[in-house]
A.B. asks: 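Please read through the structure below; I'll follow up with questions.
By convention in this document, chain letters (A, B, ...) are assigned in the order of the sequence lines, proteins followed by strands, and residues within each chain are numbered from 1. Excluded from the calculations below are hydrogen atoms, water molecules and symmetry mates; all remaining heavy atoms, backbone and side chain alike, are included.
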2 protein chains.
Amino acid sequence: MSYGEVRERATRMDSPADPQAVGEKNANAGVEIGLNAAIVAVADNEPQVLVIRGETDKAGATDGLPFGPFSPLHHRTFEGGLRTWVKHQTGVELGYVEQLYTFGDRGRHAQQGDVGPHVVSIGYLALTDAHPGSDLTHGTWRSWYQYFPWEDWRRGRPEILGSTIEPRLRDWIASQPATTGQPITRQERVRICFGLEGAGWDEEKVLDRYELLYEAGLVDEAARDGRKAADEWQDRPRLGQPMHYDHRRILATAIGRVRAKIKYRPVIFELMPDDFTLFELQRTVEAILGPHLHKQNFRRLVEGAGLVEPTGEVKMRTGGRPAKLYRFRREVLLERPAPGVRVKPGKV
Amino acid sequence: MSYGEVRERATRMDSPADPQAVGEKNANAGVEIGLNAAIVAVADNEPQVLVIRGETDKAGATDGLPFGPFSPLHHRTFEGGLRTWVKHQTGVELGYVEQLYTFGDRGRHAQQGDVGPHVVSIGYLALTDAHPGSDLTHGTWRSWYQYFPWEDWRRGRPEILGSTIEPRLRDWIASQPATTGQPITRQERVRICFGLEGAGWDEEKVLDRYELLYEAGLVDEAARDGRKAADEWQDRPRLGQPMHYDHRRILATAIGRVRAKIKYRPVIFELMPDDFTLFELQRTVEAILGPHLHKQNFRRLVEGAGLVEPTGEVKMRTGGRPAKLYRFRREVLLERPAPGVRVKPGKV
DNA sequence: CTCAGCTATGCTCAACTTGAGCATTAATGG
DNA sequence: CCATTAATGCTCAAGTTGAGCATAGCTGAG
C-alpha cells in the first residue's frame, strides 16, 4: 500500500496515516490538549493534593487541579511540559510522575449542543515530598479526603457511608426500571463498589465509587452537568467537595492508582523525607490506603523486602522508646522485579 | 481567585481554565487525536494482533496498528468511537477495551524541525475471541511474537537473546561514556530489563525492553527516526519486525498490560470461546505470558478461585482421557475483589 | 530518683498458600 | 488387548501471612 493510499484511508479510519494527512483532512476537528496533574504529598499523616481554589458561590468554593495546556511547539513530551510548568508555578519539584488516563467525554463537562473546540485532558499523577506550605505561589494543599470523605477509613468505617450514602443508594436501586436488560443490577454494582453485604471494601475502587455516585446523581458534578434538575438537588447535603469540570474524576483515578501502585512499586518513598522511622512510614502508607496495619508485620514486611536500611541514627522523643531511622534502599529497584509495600488491609 | 483570573492564567499554564478559553488562546497549537488499537486474539495457541500490512520496501513489509482519527463531532467517547470504527472496518466485535497510554513525543516519529499539526495517539488494548481469519475486510492477524521474538519463552529462552541481543547490548554498555552522572548505569538497566546475571526475566517489562533496544539503536525504528546513520544499520539483522511510527511501542505497552492484567482480572476469558477445557485455558495463558505452567497447580488455582464451572460436557479426542469442559463463572466478578489467573512463571 | 506509661522492636506459632511430584483414570490407535 | 497420551486426584515440604506475647528503652509525673 502506498503512502498516498494510506492517507486516503485515514478518514475512513481503517489504516495508519501520517500526521500531516490527519492535520489537513480534519482541521475542523481540532482539539486542545490539557494536562491536569493530581500532585500528591503527605503531611501530618494527611494525604494532600495541590489544588487551585476557585471562586466562592452559594454552594461554596469549587477547587480545581492545576492545569496547563499542552503546546507541541514548546514541549517535546507531555511529562516534560508538566514538570516545567508545575515547577514554574508552584516551586514544587515533582518526583514520581505517571500518566493516568486521557479523558475526552462529551457530556461530562461539555454543554449541550457544544460543537466548538474540544478539550481532551490528560490526567497525571505526581508524587512529591515537598513540605506543604512552602514556596507555593499559587495553589493550596488540601486533604484529598475533603473531596472523598467516604474513602477515609483511618478511624474505622466513615460515618457518611451509613448515614447518607447507603440510604441514597438504596433509593437509587429502588428506582431502577424493572425491565432493564442490564447484565448487572444496580444493587450488585452498589454491593461491589461499596463492599456491602459482606462484599468487602476494596480501597482501590475509588473511581468506580465516584462514578457510581455520579451516575446516581449524588455528587454535585452530576447536578451541574445536567443529570438532575437543580432544584431537586438544593436540599441535599453534598457528598464531598466538588471540583471543576471532571477534576474530581481525575483525582479519583489518581487516588486509586497510588493505592494500587504502592503495593508493587516503592513509590511510597517519593512521599517520605530521606530519613524516617518505620512507624512514620506505616503512618504514611495508612494515610494513603486507609485501614490500620499490623505494626510488627508491617516492619517485618518492609525490612524483609529489603526496601530500607538503617541509617544508624535514632529518633528520640517518640513518646516511648527511641526509634531507629531508616532510609530507602534504592538498590532494591535493581534486585527485585516488583518491590512494594505488599500490605493487605488489617482488621478495622 | 475569580474564574476570569483563572482564564487569564491559563496560557501561563498555571491554573484551571475552561475549554473555550483554551480554544481561543491556543488555536495555533491545535492537535489531532488519533486512536490506535492493539486488537488481540489467541488462535492455535498463538497470540495474534490485528495489523494493517504496509508497503513492501527493501527492508520488507512495515505493518501498522489499526488507526482512526478521533472526531469529537462524531464520537461522544473515545472508546465508543473505537468500537464503532473497528466493527465497521473489520467486523470484529471488541470485548474488553482498555485505554493504554497517550503518546505525544516529538522526536519519536516526528521529523526534524516539524512544526506542523501535532498528532497525539491514544493507544488502546482490545481483546476479542473473534476467530482470526473470519470477516476481515482489512487487516491481518499476525503473531505478536513476530514483532517481539525475544518475548516468546514458550519453548525456553529465545535464541535471539543469546545470539544477537546480548552481544549487541554489551557493545552498547561498553560504549557508555565513562563520566556520565547517570543514576543508573546501562549495565544495570540491561540487567534488570533482560534478566541477566540472575536478575530474573519479568514478562511484564515488554515496554522497558523495547525502549532499551530503541535507545541502544537496535531496532529499525531507531534508525528510521534518525538515531543511527542508515549505513551503520544496513548489515545488522533486524530485531523483530518494525512497525509504522511508534506502533511497536504501543503494541509493547499492550502486551505488557495484558500480561499484567490477566493476573488480577479475569480478562483471559475474553480471549476464550464460551466452553473450553482447563488445558486449553492454560495454553492460552501460556501463549500470553510465555513460560510453561505447572498443569496440576494451574487447575487447582483456576478451580479454587471459582473462576470456572463445569458445563457437564466433555471434550473427546484430546489425545488421551477426555477433558471436562468448563465455562467462565461471571459471578466471580461479584464475589471477589481481584479475581484473576494468579500464575507465577514456572520452571523454564 | 523511680516508676508508670508509652512506643519500638524481637520472636513465636498456627493457618494458609505455593511449588513439585507421584498416582490413577480413561480415551485412542494399532 | 495393550502401549501411549492426556486428564485429574492427592500429598507433602517449604514458604508466607495474620496475630499476639514479651522485652527494651525513653519521658514525665510525683
A.B. asks: In whole angstrom, give the distance that lies between atom CZ of Arg283(A) and atom C1' of dT7(C).
C.D. replies: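 These atoms are roughly 11 Å apart.
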
A.B. asks: Measure from the side-chain heavy atoms of Pro322(A) and tell me the nearest of dC26(D), dT7(C), dA20(C).
C.D. replies: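 My answer, after comparing the listed nucleotides, is dC26(D).
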
A.B. asks: Is Lys295(B) close enough to dA7(D) that one of its side-chain N or O atoms is under 4.0 Å from OP1 or OP2 there?
C.D. replies: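 Yes, within the criterion.
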
A.B. asks: Using ring-ring contact (aromatic ring centres under 6.0 Å, His included), reason through Phe276(B) and Phe269(B) one step at a time and then give a plain yes or no.
C.D. replies: CA-CA 10 Å; Phe276(B) 48 82; Phe269(B) 300 104; 5.8 Å; yes

A.B. asks: How many whole angstroms separate atom CZ of Arg317(B) from atom C1' of dA7(D)?
C.D. replies: 16 Å

A.B. asks: When you check the gap from the basic side-chain N to the acidic O, do Glu151(B) and Arg209(B) get nearer than 4.0 Å?
C.D. replies: yes

A.B. asks: Can you give me the closest heavy-atom contact between Met272(A) and Thr284(A), atom names plus distance?
C.D. replies: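 Nearest heavy atoms, Met272(A) then Thr284(A): SD-OG1, 3.2 Å.
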
A.B. asks: Which heavy atom of Val267(A) sits nearest a heavy atom of Lys261(A), and at what distance?
C.D. replies: CG2-CG, 4.0 Å

A.B. asks: What is the separation between atom CD on Gln282(B) and atom C1' on dA6(D), rounded to the nearest whole Å?
C.D. replies: 12 Å

A.B. asks: Could you pick out which residue, Gly320(A) or Thr318(B), lies toward the 5' side of DNA chain D when each is mapped onto its nearest nucleotide?
C.D. replies: Thr318(B)

A.B. asks: Is there a side chain to side chain contact (heavy atoms under 4.5 Å, CB included) between Tyr96(B) and Val258(B)? Walk through the geometry before answering.
C.D. replies: CA-CA 11 Å; Tyr96(B) 179 82; Val258(B) 190; over 6 Å; no

A.B. asks: Given atom CG of Leu281(A) and atom P of dT9(C), what is their separation to the nearest angstrom?
C.D. replies: 12 Å

A.B. asks: Could you tell me how far apart Leu278(B) (CG) and dT8(D) (C1') are, to the nearest whole angstrom?
C.D. replies: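 Distance, rounded to whole Å: 10 Å.
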
A.B. asks: Can you measure Leu301(B) atom CG to dA20(C) atom C1' for me and round it to whole angstrom units?
C.D. replies: 15 Å

A.B. asks: Rounded to whole angstroms, how far apart are CG on Leu293(A) and P on dG20(D)?
C.D. replies: 15 Å

A.B. asks: Would you list the protein and nucleotides 9-13 of chain D atom pairs, both N or O, that sit under 3.5 Å from each other?
C.D. replies:
| unit_1 | atom_1 | unit_2 | atom_2 | d |
| --- | --- | --- | --- | --- |
| dG9(D) | O6 | Gln296(B) | NE2 | 3.2 |

A.B. asks: Whole angstrom is fine here: how far is it from CE in Met316(A) over to P in dA8(C)?
C.D. replies: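 From Met316(A) CE to dA8(C) P: 13 Å.
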
A.B. asks: Would you kindly say whether Glu46(A) and Tyr145(A) are connected by a side-chain donor-acceptor distance under 3.5 Å?
C.D. replies: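 On atom types as modelled, these side chains do not qualify, holding no pair under 3.5 Å.
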
A.B. asks: Might you point out which heavy atoms bring Trp141(B) and Val40(B) nearest each other, and give the distance in Å?
C.D. replies: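 Closest approach of Trp141(B) to Val40(B): CZ3-C, 4.3 Å.
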
